[in-house]
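Everything quoted here is computed from the prediction, not taken from an experiment. Letters A, B, ... mirror the listed sequences (proteins, then strands); counts begin at 1.
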Amino acid sequence: MRASQLFFPTLREIPAEAELASHRLLLRGGFIRKLSAGVYSYLPLGYKVIKKVEKIIREETDAAGGQELLMPALQPAELWQETNRWEVDTLFKLKDRADRWHALGMTHEEVITDIVRHDVRSYRELPLNLYQIQTKFRDEPRPRGGVIRGREFIMLDSYTFDRNDEELDLSYRKMRAAFARSFARCGIDFLIVEAESGAIGGKDNQEFTVITPAGEDSILHCKECDYAANAERCEVADRGYEPSNEPAKPIQAVDTPGAKTVEQVTGFLKTKPENLVKTLIYVADGKPIAALVRGDRELNEAKFSRNLDIYKLEMAGPELILELTGAEVGFSGPVGLKGVRIVADYEVRSMANFVTGANKTDTHYVNVNIGRDFNVDEWADIKVASDQDPCPRCEGVLQAERGIEVGHIFKLGTKYSEAMGATFLDEDGKEKPFIMGCYGLGVSRMLAAVSEARRDDDGIIWPVSIAPFEVVILLLNPLDEAQAAAAVRIYEELQNRGIDVLLDERDERSGVKFKDADLIGIPVQVVVGRLASEGKVEMRLRWDKQNKREVALNEATDEIAAAVQAEKRKLLDEADKYTV
RNA sequence: CGGGGUGUAGCGCAGCUUGGCUAGCGCGCCUGCUUUGGGAGCAGGAGGUCGAGAGUUCAAAUCUCUCCACCCCGACCA
């Protein structure tokens, strides 16, 4: 491709709407343009990257036994009603001319299960892995970061159907390896973390997360044993939380007028949130329950429910809190609390002389102590994990990091097959529901994740595998005949070798060409300038621009091709670390 | 949905507090000449419903009200 013919509107100035570096660079480099909040066009450069990512994930998913198909984005409401997901609030809904409701597909468990329940009857047809790469629609409450979280985005979604849990486990491990290999080939470091399954449901699930401060997910990672989990899921060991040996001071009620939040109370009492115990009143399966966590911690409702076998958990309303505690919201505490089961986070055990609500409006207790002032019915892991918490798998300590979720894989089990009556006839002659798995990879989000992870002050640094071009030739002075001839010669030779090359022969000053090449992040740069008259060109790599090499024109094509191959090889070697 | 912020030329911004003459600046864009190793110089030029609507006023980008869009934080997140 010749740059003079290529539509790549680069911007000199930073668009005001973009906060994240990746978002700014994608806009400035002419990769994407916004249509409305969370809805983006992929311009030629951006779409080239997407197509290269798609090629990689197709190859890897095919290698894992996947077969590509394409399902409709427009789906009848009845299908979603079968699995009780019609009410999911991020589902885009619309009516047709006959007043019938439809959804725009946010994910395709329903459609794929519908196909399979009609057309797969026997265990002999299993295992089955069907996938597609398609545009998804989700009415996100808050789109953000450009293509990081859009309302319309491109995703690979794969679905596996197996006879039993062992077979599902194999399908799952194959897809996990396929995803890991895909991300490695796209040149990014990632962590595989334990996660919550959300509305997709199912049992085991893991996320692929690119660690970067700009990420929207909070991740806890143990450096000792490689345990990694999303904060929404992460467990905390009951270790190091010994009862305090600090002498107990006399409990005392103090007036805290109007102080309801932790900040207000601790500010008023001139103490710190670490010195307060929050008492959160819930209704668990119809019974009141109090959850105690340290003032600067958050309750993790998912863990709370799971670890206490709660099926339905709801926060208590103001009336119920008044009835149970005798006080307004904000003044609940464990001391003297009757008829409410008290569950405390492990961490609370090591606290002494702390602050709690006094179950009396505008009053708190100070110097509260466990055992003397109240008793805990049960200790449990119920807080949102945070930095420096004890690792649940080893003796290590968890570290907090931020990450962008680029893939999420689930063992669904029979959640959808049972709800939709999707069964097969097994070897033993019995009708059984399919054991399903599903695997999602955010294709358009990869633009953001890779450019966030691989960049410098000048622009993006694409890996050669998904760069919009593998090589850019900077023809500095197109009017100089020796330069022009040399550039065109290398351009044509590289094209003949199947290398994706951009020839920048625009009538622009050299500075413009250098800036643009850096901004759009082509990995191999070939500078054709004054040295052309001596039969030489200059070669350098985007991430190591100072390190230029002069190459004889006759050898240039070989050298450049070798550099491209070497970079590709590195990425494949990285991918080969992952196996089933 | 709660909190904060922003809407003025393709992009980045000033002007608004204290209403007033033809709405400015930089970049980009068009034409010509010169220039060509890190976002060129000179000269000329095009480009605006000041987010929308209503109101106050002799007069509104500027004051008031309503609405809309977008961004950030939170909630949420398949």
With a 4.0 Å cut-off on heavy atoms, is [X] in touch with a base, just the backbone sugar-phosphate, or nothing at all?
{"X": "A:K136", "answer": "nothing"}
{"X": "A:R149", "answer": "base"}
{"X": "A:D217", "answer": "nothing"}
{"X": "A:G146", "answer": "nothing"}
{"X": "A:E216", "answer": "nothing"}
{"X": "A:T90", "answer": "base"}
{"X": "A:D518", "answer": "base"}

Is [X] side chain donor-acceptor paired with the [N] base, going by distance under 3.5 Å alone?
{"X": "A:N477", "N": "B:G37", "value": "no"}
{"X": "A:R540", "N": "B:G38", "value": "yes"}
{"X": "A:R28", "N": "B:G39", "value": "yes"}

Q.
As a quick check of understanding, evaluate side-chain contact (heavy atoms from CB on, under 4.5 Å) for A:M175 and A:S158, giving each step before the final call.
A. CA-CA 9 Å; A:M175 283 306 294; A:S158 159; 3.6 Å; yes
Nucleotide nearest [X] (side chain, heavy atoms from C-beta), chosen from [options]:
{"X": "A:L519", "options": "B:G39, B:C73, B:G37", "answer": "B:G39"}
{"X": "A:K34", "options": "B:C72, B:U36, B:C71", "answer": "B:C71"}
{"X": "A:R12", "options": "B:G37, B:C27, B:C71", "answer": "B:C27"}
{"X": "A:D507", "options": "B:C71, B:U36, B:A75", "answer": "B:U36"}

Which base sits across from [N] as a Watson-Crick or G-U pair, both distances under 3.5 Å?
{"N": "B:G7", "answer": "B:C68"}
{"N": "B:A43", "answer": "B:U31"}
{"N": "B:A61", "answer": "none"}
{"N": "B:U49", "answer": "none"}

Q: Scan side-chain atoms only and decide if A:E505 and A:S4 contain a donor-acceptor pair under the 3.5 Å cut-off.
A: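 Result is yes, a qualifying pair exists.
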Q) Do A:R117 and A:M420 touch side chain to side chain, with heavy atoms closer than 4.5 Å? A)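 Yes, side chains in contact.
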Q) Heavy-atom distance under 4.5 Å between the side chains of A:I473 and A:D504, does that happen here? A)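 Sidechains of A:D504 and A:I473: no contact.
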Taking atom [atom1] in both [N] and [M], compute the distance separating them and give it to the nearest angstrom.
{"N": "B:A14", "M": "B:C70", "atom1": "P", "answer": "22 Å"}
{"N": "B:U64", "M": "B:U56", "atom1": "P", "answer": "15 Å"}
{"N": "B:U17", "M": "B:C63", "atom1": "P", "answer": "5 Å"}
{"N": "B:C73", "M": "B:C30", "atom1": "C1'", "answer": "43 Å"}
{"N": "B:C33", "M": "B:G26", "atom1": "C1'", "answer": "24 Å"}
{"N": "B:A23", "M": "B:U66", "atom1": "P", "answer": "30 Å"}
{"N": "B:A9", "M": "B:G48", "atom1": "C1'", "answer": "5 Å"}

Q: Kindly assign one of parallel, tilted or perpendicular to the pair A:Y47 and A:Y42, based on the angle between their ring planes and the thresholds 30° and 60°.
A: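 Parallel, since the angle between the ring planes stays under 30°.
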Q.
Please verify the inter-ring angle class for A:F434 with A:F161; under 30° counts as parallel, over 60° as perpendicular, anything in between as tilted.
A.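 A:F434 vs A:F161 ring planes: perpendicular.
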Interatomic distance, [X] [atom1] vs [N] [atom2] [rounded to whole Å]:
{"X": "A:R445", "N": "B:C77", "atom1": "CZ", "atom2": "P", "result": "14 Å"}
{"X": "A:R233", "N": "B:C76", "atom1": "CZ", "atom2": "P", "result": "17 Å"}
{"X": "A:E550", "N": "B:G37", "atom1": "CD", "atom2": "P", "result": "16 Å"}
{"X": "A:L474", "N": "B:G39", "atom1": "CG", "atom2": "P", "result": "14 Å"}
{"X": "A:E19", "N": "B:C70", "atom1": "CD", "atom2": "P", "result": "17 Å"}
{"X": "A:F514", "N": "B:G38", "atom1": "CZ", "atom2": "P", "result": "7 Å"}

Give each protein N/O atom lying under 3.5 Å from an N/O atom of nucleotides 1-6 of chain B, with the pair distance.
none

Donor-acceptor list for residues 26-33 of chain A side chains, cut-off 3.5 Å, not counting sequence neighbours:
| from | atom 1 | to | atom 2 | distance (Å) |
| --- | --- | --- | --- | --- |
| A:R28 | NE | A:L11 | O | 3.0 |
| A:R33 | NH1 | A:L27 | O | 2.7 |
| A:R33 | NH2 | A:P9 | O | 2.7 |

Q | Footprint string (nucleotides 9-16 of chain B, 5' to 3'): B base within contact, S backbone only, - free, heavy atoms under 4.0 Å | A | --BSS---
Q.
Between A:G511 and A:E140, which residue's closest nucleotide on RNA chain B lies nearer the 5′ terminus?
A.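 Residue closer to the 5' terminus by nearest nucleotide: A:G511.
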Q) Between A:R144 and B:C73, is there a side-chain N or O to OP1/OP2 distance below 4.0 Å? A)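 Result: yes.
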